[in-house]
Amino acid sequence: SQQGEEDPQALSIQEGENATMNCSYKTSINNLQWYRQNSGRGLVHLILIRSNEREKHSGRLRVTLDTSKKSSSLLITASRAADTASYFCATVLKNSGYALNFGKGTSLLVTP
Amino acid sequence: NAGVMQNPRHLVRRRGQEARLRCSPMKGHSHVYWYRQLPEEGLKFMVYLQKENIIDESGMPKERFSAEFPKEGPSILRIQQVVRGDSAAYFCASSPPQGGVRNTGELFFGEGSRLTVL
């Protein structure tokens, strides 16, 4: 079963608005990562947050982590049409080194 | 510095044929991971390899699928006697050796190989 589960499954907003995506996971983690996938392309790493961190920023991205609730959120501020993509959270697959377990993703559509 | 290279990008096979997908990791990366993605789905882990070793193949179907990462050359994901249900995008990712300062846990992905089985 998928370790990370994102919600909502799909999100449609207008340019300039903020987009928030959530991820829940089941087991203890050392870190949680967020990836982005443009249609027909490979995944690109966005940001990693460690289990001892509560919040992390990178440009227009803000990630929070609540280990007590086993959840994370990704906030994209001042969204642009180019942010249209699918976003996945990922945690390390248990007993498999650095192999990651991905959720089904949130499909984000940003309209001009 | 080239990223993860996968080929072919698109592959069409008829039922019963074999599919071979290749992946060359980023320079300096010794770990390779294969994932399968069905339409509108997330990525499902298949197999994790280091040079000449399969570390974890828990996500790989027991029959028809195999993977290798030889000492020289790319990693190969091989699907024998393909069926329509094998149609998917297959992604390869790589990472530096574990425990090294360069390894942040991030995986670097190729653009995928899209297999269509007729």
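Chain letters run A, B, ... following the sequence lines, proteins first and then strands; every chain starts at 1.
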Honestly, the part of A:L48 sitting under 4.5 Å from a heavy atom of chain B is side chain
Need one label for A:Q9: side chain, backbone, both or neither, based on atoms under 4.5 Å from any heavy atom in chain B. neither
In terms of heavy-atom proximity below 4.5 Å to chain A, should B:Q37 be classed as side chain, backbone, both, or neither? side chain
Counting only non-hydrogen atoms closer than 4.5 Å, does B:Y35 touch chain A with its backbone (N, CA, C, O), its side chain (CB onward), both, or neither? side chain
Chain B: which of A:G40, A:S107, A:G105 shares the most heavy-atom pairs with it under 4.5 Å? A:G40
Any non-hydrogen side-chain atom of A:Q33 less than 4.5 Å from a side-chain atom of B:L107? no
With a 4.5 Å limit on heavy-atom distance, are the side chains of A:V92 and A:N30 in contact? no
Spell out, as yes or no, whether a donor-acceptor pair under 3.5 Å connects the side chain of B:E68 to the backbone of B:I76. no
Quick one: does any side-chain atom of A:T111 pair with a main-chain N or O of A:I13 as donor and acceptor, under 3.5 Å? yes
Can you tell me if A:R50 has over 12 outside heavy atoms packed within less than 6.0 Å of its CZ? no
